Each structure stands twice: as C-alpha cells, then as structure tokens.
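One structure below.
In what follows, chains carry the letters A, B, and so on, assigned in the order in which the sequence lines appear, proteins first and then strands, with residues in each chain numbered from 1. Keep in mind the model is a prediction, meaning the values are calculated, not measured.
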Number of protein chains: 4
Amino acid sequence: MASSHRHKLRLDPRTREEARRRLLSIRGHVEGILRMLESEDVYCVDVLKQIKAVQGALDKVGELVLRSHLKIHVATAHERGDVEAIVDELMEVLKYR
Amino acid sequence: MASSHRHKLRLDPRTREEARRRLLSIRGHVEGILRMLESEDVYCVDVLKQIKAVQGALDKVGELVLRSHLKIHVATAHERGDVEAIVDELMEVLKYR
Amino acid sequence: MASSHRHKLRLDPRTREEARRRLLSIRGHVEGILRMLESEDVYCVDVLKQIKAVQGALDKVGELVLRSHLKIHVATAHERGDVEAIVDELMEVLKYR
Amino acid sequence: MASSHRHKLRLDPRTREEARRRLLSIRGHVEGILRMLESEDVYCVDVLKQIKAVQGALDKVGELVLRSHLKIHVATAHERGDVEAIVDELMEVLKYR
C-alpha cells in the first residue's frame with residue numbers, strides 16, 4: 001500500500017489549514033470527555049453523546065479532505081494516467097466509512 | 001434532554017477507567033494527525049486513513065460504554081421502572097451511529 | 001451463537017407487523033432499482049441515491065426492532081437472569097451498524 | 001438536483017449487470033426476512049442479523065457502482081470540465097454512508 005508513486009500529490013494548503021483547525025477543536029473535545037470521565041458521577045449516555053459528537057466532527061474533517069482529494073487528484077487521474085491506483089486506494093479507505 | 005431522573009445511574013468504575021485509557025490514546029492519535037498536517041507534503045489519503053483509524057478507536061470506546069450501560073442500567077430498567085425513558089434516551093444516541 | 005435458551009423470547013406482534021409492512025415497501029424499492037438498472041442510460045449517482053434510500057429504510061426497520069427488543073427483552077434481562085447472554089448477543093449485532 | 005447536464009454519463013454495462021445480479025439476490029434476502037416475520041415465534045435478534053446482512057450486501061453494490069463511477073466519470077472530470085458539479089453531487093450521496 002506504499003503511495004510512493006504519488007509522491008507529488010499533496011493535500012492543498014487551504015484544506016490542510018482547515019483540517020488542522022478542526023482537529024485542534026476535536027482534540028479539545030476529546031480532552032473534555034477525559035475530564036468528564038474523571039468524575040465518579042458520569043453517566044454512560046452522556047459519554048456516548050460526546051463520543052457521537054466527536055465522531056460527527058471527524059466525519060466533517062474526512063469529508064473536507066475527501067472533497068479536496070476528489071477535486072484535485074481523482075478528477076485529474078485520467079490525464080495523469082493513474083486511475084486504477086488512485087481509485088483502488090480511495091475505495092480501500094472508503095469501505096465501512 | 002436533562003437526565004436528572006437518572007441521577008443515580010453511573011458509568012461503572014472499571015469501564016470508566018478503560019474508557020479514559022483509550023481516550024488518552026485517541027488524543028495522542030489526534031495529535032499525531034495534527035503533526036502530519038504541519039507538513040506541506042502530506043497526502044490526502046494518508047490523512048483519511050488516520051481519521052478512519054481514530055473513528056475505529058472511538059467506536060471501540062463507544063462499544064465499551066454501551067455494553068456496560070446495557071448490562072448495568074438497561075437490563076435492570078424494568079425493576080427500576082424507567083424502561084420507556086432509558087430506552088428512548090439510548091435509541092436517540094444509537095441513531096446513525 | 002445458538003439462541004436456544006431464549007426460545008421463549010419473541011418479537012412483539014405489533015412491531016412484527018410494522019416491520020413486515022416496511023419490508024414490503026423496501027422490497028418494492030429494490031424492485032424499482034432493478035427496473036432502473038434495465039435501462040442502458042441509467043446514471044451511477046442515481047443508483048447510489050436509491051441504494052442510500054433503501055439503506056435508510058432498513059435502518060428504520062432495524063431501529064424499530066431494536067427498540068422493541070430493548071424494551072421487552074433487554075430491560076427485563078436481570079429479572080430473567082440472562083443479562084450476559086442477551087447483551088453479548090446484542091453487541092455482536094450492533095457492531096459496525 | 002437534476003443531473004441533466006450529465007445526460008451522457010452512464011453506468012458501464014458490466015457494472016450494471018453485476019449490480020442487477022446482486023440486487024436480485026438482495027430482493028430474495030428481503031423476501032426471506034418477510035417470511036421469517038410471518039412466524040409468531042421469530043426472535044428480534046434474528047431479524048436484526050438478517051437486516052444487517054442485507055445492509056452489508058447493499059454496501060457491496062454501492063461500492064461496485066461507486067468504484068465504476070470514480071474510474072469512468074470522476075477520473076475524467078477535469079478533461080470534461082465538470083469537476084465542481086460531479087464532486088458536489090458525489091459528496092452529497094456519500095454523506096452518512
């Protein structure tokens with residue numbers, strides 16, 4: 001699964017910055033759950049709700065990166081000549097998303 | 001969605017500790033993605049793979065907490081007399097999991 | 001995974017009827033997609049949309065049956081004395097839902 | 001959401017045939033669940049397992065069609081000049097997959 005042949009493909013800078021910004025917020029959210037879990041009184045469903053919220057926020061980052069990948073790298077794959085490789089690689093990561 | 005009437009129900013201590021342990025690892029994983037995103041060379045699909053891995057780790061924490069909740073709180077709901085409330089609350093959080 | 005020890009637990013009649021009603025509609029929806037696929041002009045994304053709609057409808061049936069199972073069988077498990085078995089079995093089917 | 005501007009894009013014949021074959025099997029599976037639900041003795045978790053199996057089979061059809069769409073239509077979008085439209089449309093259907 002080495003992606004060496006695509007060493008020139010890069011996440012575009014604006015998406016990279018936006019993903020970073022969102023992941024910083026996600027880290028904060030995870031730290032919030034860690035603080036919740038320090039309390040002996042924490043209720044299961046309140047933890048489940050927070051986990052679900054973090055999953056939703058990660059979905060958004062994933063969608064952001066996926067959208068950029070599709071526009072910049074997948075949509076140009078035929079010209080570049082790596083359609084099979086780039087689609088196989090993407091399908092692998094989309095499974096059970 | 002105040003869960004005031006269930007103020008006595010608590011995540012059991014062992015599950016709480018295990019969830020904390022796993023979330024510490026998840027925080028580390030998120031920080032790893034943040035470091036990846038500092039590089040101009042980062043490739044979209046490598047980010048998507050890491051996001052997917054964190055999602056999988058969060059699923060595991062969720063399953064841990066859910067299993068404990070089912071065993072300790074849902075399985076005793078009929079005796080306690082709050083079946084409707086506890087099941088409605090749980091279904092809300094299980095939707096689109 | 002034999003559920004022999006739970007031979008007395010049954011899906012309640014109203015939920016069973018509602019699930020049947022919805023699955024008849026889902027069968028019709030699948031047949032609609034089959035008809036779409038007979039046309040040479042069918043467009044990929046239109047098929048994906050229909051598959052997604054059927055998945056959503058199946059989610060609803062699953063939620064219906066799950067809610068009934070939680071209320072009638074899981075919430076009474078402690079009294080019946082089969083908490084471990086019923087929760088393990090349920091967690092198995094909830095994974096990667 | 002009219003896809004009129006893409007009236008020339010079509011699901012490729014081999015994928016269409018394979019999708020049809022799988023959906024025929026899925027219809028049979030749904031009919032199997034309908035027969036299960038005719039029995040008064042049917043157990044909730046057995047229904048949930050069958051629904052999950054059908055969902056898995058639908059995922060496979062979706063992956064098949066998605067893979068074909070990516071290879072044939074998305075990977076050529078830049079040459080055709082409809083990158084924005086085809087990616088926006090695809091992201092819409094991938095959400096909450």
| message | What I'd like to find out is whether the side chain of E40(D) reaches to under 4.5 Å of the side chain of R16(C), using heavy atoms alone. | response | yes
| field | Option that, when pairs with chain D are counted at under 4.5 Å, heavy atom only, ranks first among I51(C), L58(C), L24(C), V61(C) | value | L58(C)
| Heavy-atom proximity to chain C below 4.5 Å, by part of T15(D) | neither
| said: To the nearest 0.5 Å, what is the distance between CG on L48(D) and CG on L94(C)? | reply: 7.5 Å
| From E92(D) CD over to K49(C) NZ, what is the distance, rounded to the nearest 0.5 angstrom? | 8.0 Å
| Atom CG in L66(D), atom SG in C44(C): separation rounded to 0.5 Å? | 9.0 Å
| task | State the OH-NE2 distance between Y43(C) and H73(D), to the nearest 0.5 angstrom. | result | 7.0 Å
| remark: chain D shares the most heavy-atom pairs under 4.5 Å, among V30(C), V42(C), L37(C), with L37(C)
| request: Heavy-atom distances under 4.5 Å only: say whether L90(C) touches chain D with side chain, backbone, both or neither. | output: side chain
| Is it true that R20(D) and E38(C) make a salt bridge, defined as a side-chain N closer than 4.0 Å to a carboxylate O? | yes
| request: Dump the intermediate steps for side chain to side chain contact (heavy atoms under 4.5 Å, CB included) on L23(D) and E31(C), then the final yes or no. | output: CA-CA 8 Å; L23(D) 277 162; E31(C) 285 167 350; over 6 Å; no
| Non-hydrogen atoms of chain C under 4.5 Å away: do they reach the side chain of H29(D), the backbone, both or neither? | neither
| Which region of E17(D), side chain (C-beta onward) or backbone (N, CA, C, O), has a non-hydrogen atom less than 4.5 Å from a non-hydrogen atom of chain C, or is it both or neither? | neither
